[in-house]
Amino acid sequence: MIKIYHNPRCSKSRQGLEILENSGKEFKTVKYLDTIPSEEELKEIINLLNISPIDLVRKNEKIWKEEYKGKDLSDAEIITAMVKNPKLIERPIVINGNKAVVGRPPENIKEII
């Protein structure tokens, strides 16, 4: 089952959702600001994306700049920060089986569906 971690207020996330809707494939939408991923779930997503936790952080968010920027954080601390402040999680994230992409640009999603 394809899964999209979606923020309806984000234009890129809405474009990603539209790509999935137009694909005709079945998928599940997770509004991650309402249903916040656990630390374990976030670790799994990061593994599937094959990136470092810092690469999933939206570094232009006010909360990042005010509370975390410039600090020497471990991967675990970065994951905890994203769970505590889910706005920091880059979006949209689409997972299909053992493959995942960040939909920036949204066309990336087409690679795994």
Side-chain angles (χ1 to χ4, degrees):
M1 166 75 67
I2 299 170
K3 186 187 288 190
I4 180 170
Y5 288 84
H6 174 59
N7 178 347
R9 297 185 66 197
C10 171
S11 65
K12 297 286 186 220
S13 199
R14 289 192 305 270
Q15 289 170 22
L17 187 63
E18 187 178 340
I19 288 169
L20 286 177
E21 288 169 346
N22 292 337
S23 76
K25 299 191 181 201
E26 219 176 288
F27 64 93
K28 178 181 177 187
T29 302
V30 177
K31 293 182 183 174
Y32 69 91
L33 293 179
D34 300 330
T35 307
I36 302 168
S38 67
E39 288 189 17
E40 266 319 299
E41 196 175 351
L42 215 43
K43 285 178 193 171
E44 287 174 29
I45 291 168
I46 290 164
N47 272 344
L48 287 173
L49 289 167
N50 198 23
I51 60 174
S52 297
I54 192 66
D55 297 327
L56 195 59
V57 171
R58 295 176 54 83
K59 295 169 201 76
N60 285 328
E61 288 290 336
K62 185 179 176 188
I63 187 99
W64 180 261
K65 290 177 179 177
E66 290 178 355
E67 293 193 30
Y68 302 102
K69 188 178 178 185
K71 293 185 178 175
D72 187 19
L73 302 170
S74 68
D75 286 353
E77 289 170 322
I78 292 167
I79 290 169
T80 299
M82 286 190 280
V83 170
K84 211 168 114 178
N85 306 285
K87 277 176 116 175
L88 293 176
I89 302 171
E90 191 59 85
R91 63 204 178 234
I93 301 166
V94 176
I95 298 172
N96 187 2
N98 63 353
K99 295 182 271 184
V101 294
V102 174
R104 287 187 171 269
E107 291 72 37
N108 288 351
I109 295 166
K110 294 176 182 175
E111 297 170 13
I112 68 164
I113 58 173

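All residue numbers in this chain count up from 1 along the given sequence. Side-chain atoms are counted along with the backbone in the values below, which use heavy atoms only and exclude waters and symmetry mates.
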Colleague: Quick check: do Phe27 and Leu17 have side-chain heavy atoms less than 4.5 Å from each other?
Modeller: yes
Colleague: Can you tell me how far apart CE (Met82) and CD1 (Ile63) are? Round to the nearest 0.5 Å.
Modeller: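 Reported to 0.5 Å precision, the distance equals 13.5 Å.
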Colleague: Quick check: is Leu56 connected to Ile79 through a chain of hydrophobic side chains (ILVMFWY, heavy atoms under 4.5 Å apart)?
Modeller: yes
Colleague: Quick one: side chains of residues 40-51, donor-acceptor pairs under 3.5 Å with protein atoms, not counting sequence neighbours, listed by atom name and distance.
Modeller:
residue : atom : partner : partner atom : Å
Glu41   : OE2  : Tyr5    : OH           : 2.5

Colleague: So, taking the atom named CD1 in Ile54 and the one named CD1 in Ile78, what distance separates them when rounded to the nearest 0.5 Å?
Modeller: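 Answer for the CD1-CD1 pair, Ile54 versus Ile78, is 4.0 Å.
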Colleague: Can you name the closest pair of heavy atoms from Ile19 and Lys110 and give their distance?
Modeller: CG2-CG, 3.9 Å
Colleague: Please assess Leu88 against Tyr68 for the test side-chain contact (heavy atoms from CB on, under 4.5 Å), listing each intermediate value before the final yes or no.
Modeller: CA-CA 11 Å; Leu88 293 176; Tyr68 302 102; 4.1 Å; yes
Colleague: When you measure from the side chain of Asp75 to the backbone N and O of Pro53, does any donor-acceptor pair fall under 3.5 Å?
Modeller: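 The answer is no, because no donor-acceptor pair under 3.5 Å joins these two groups.
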Colleague: Tyr32 side chain to Ile89 main-chain N or O, any donor-acceptor pair under 3.5 Å?
Modeller: yes
Colleague: Counting only heavy atoms not in Lys69 (residues, nucleotides, ligands), do more than 12 fall under 6.0 Å from its NZ?
Modeller: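 Atom NZ in Lys69 is not crowded, with 12 or fewer foreign heavy atoms closer than 6.0 Å.
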Colleague: What pair of heavy atoms forms the shortest contact from Ile36 to Leu33, and how long is it?
Modeller: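 Looks like CG1-O, 4.0 Å.
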Colleague: May I ask you to test the Lys12-Arg91 pair for a side-chain heavy-atom distance under 4.5 Å?
Modeller: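 The answer is no, as the side chains (C-beta and beyond) never meet within the 4.5 Å cut-off.
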Colleague: What is the distance from atom CD of Glu18 to atom OG of Ser11, rounded to the nearest 0.5 Å?
Modeller: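 If we round to the nearest 0.5 Å, Glu18:CD and Ser11:OG are 11.5 Å apart.
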Colleague: Using modelled atom types only, decide if a donor and an acceptor are shared between the side chain of Asn7 and the backbone of Arg9 within a distance under 3.5 Å.
Modeller: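 Judged by distance alone, yes, a pair lies under 3.5 Å.
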Colleague: Minimum heavy-atom separation for Pro106 to Gly16, with atom names?
Modeller: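 Answer, listing the atom of Pro106 first, then Gly16: CB-N, 4.2 Å.
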Colleague: If you measure from NZ on Lys62 to CD on Glu67, what distance do you get to the nearest 0.5 Å?
Modeller: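 Reported value, rounded in 0.5 Å steps: 10.5 Å.
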Colleague: Is Ile112 reachable from Ile4 through a run of hydrophobic residues whose side-chain heavy atoms are each under 4.5 Å from the next?
Modeller: yes
Colleague: Mind checking whether Ile109 and Pro92 have side chains closer than 4.5 Å, heavy atoms only?
Modeller: yes
Colleague: Tell me every residue that passes side chain to side chain donor-acceptor pair (under 3.5 Å) with Glu61, counting only those two or more places apart in sequence or in another chain.
Modeller: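 If we apply the side chain to side chain donor-acceptor pair (under 3.5 Å) test to Glu61, skipping adjacent residues, the hits are Arg58.
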Colleague: For the atom pair CE (Met1) and NZ (Lys25), what is the distance rounded to the nearest 0.5 Å?
Modeller: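 It comes to 12.5 Å.
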Colleague: Is Arg14 reaching over with its side chain to a backbone N or O of Pro8, donor-acceptor style, under 3.5 angstrom?
Modeller: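 Yes, because the side chain of Arg14 sits within donor-acceptor range (under 3.5 Å) of the backbone of Pro8.
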Colleague: Taking the side chain as every heavy atom from C-beta outward, state whether Asn108 and Val102 have any atom pair closer than 4.5 Å.
Modeller: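 A side-chain contact under 4.5 Å is absent here.
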Colleague: Flag the pair Thr35 / Lys31 as yes when at least one side-chain heavy-atom distance between them is below 4.5 Å, and no otherwise.
Modeller: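 Counting from C-beta outward, Thr35 and Lys31 never come under 4.5 Å.
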Colleague: Under 3.5 Å, is there a donor-acceptor pair between the side chain of Ser52 and the main chain of Asp55?
Modeller: no
Colleague: Got Glu26 and Ile2 here, is their nearest side-chain heavy-atom distance under 4.5 Å?
Modeller: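 No, side chains not in contact.
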Colleague: Taking atom NZ of Lys99 and atom CD1 of Ile113, what is their separation to the nearest 0.5 Å?
Modeller: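 With rounding to 0.5 Å, NZ (Lys99) is 10.5 Å from CD1 (Ile113).
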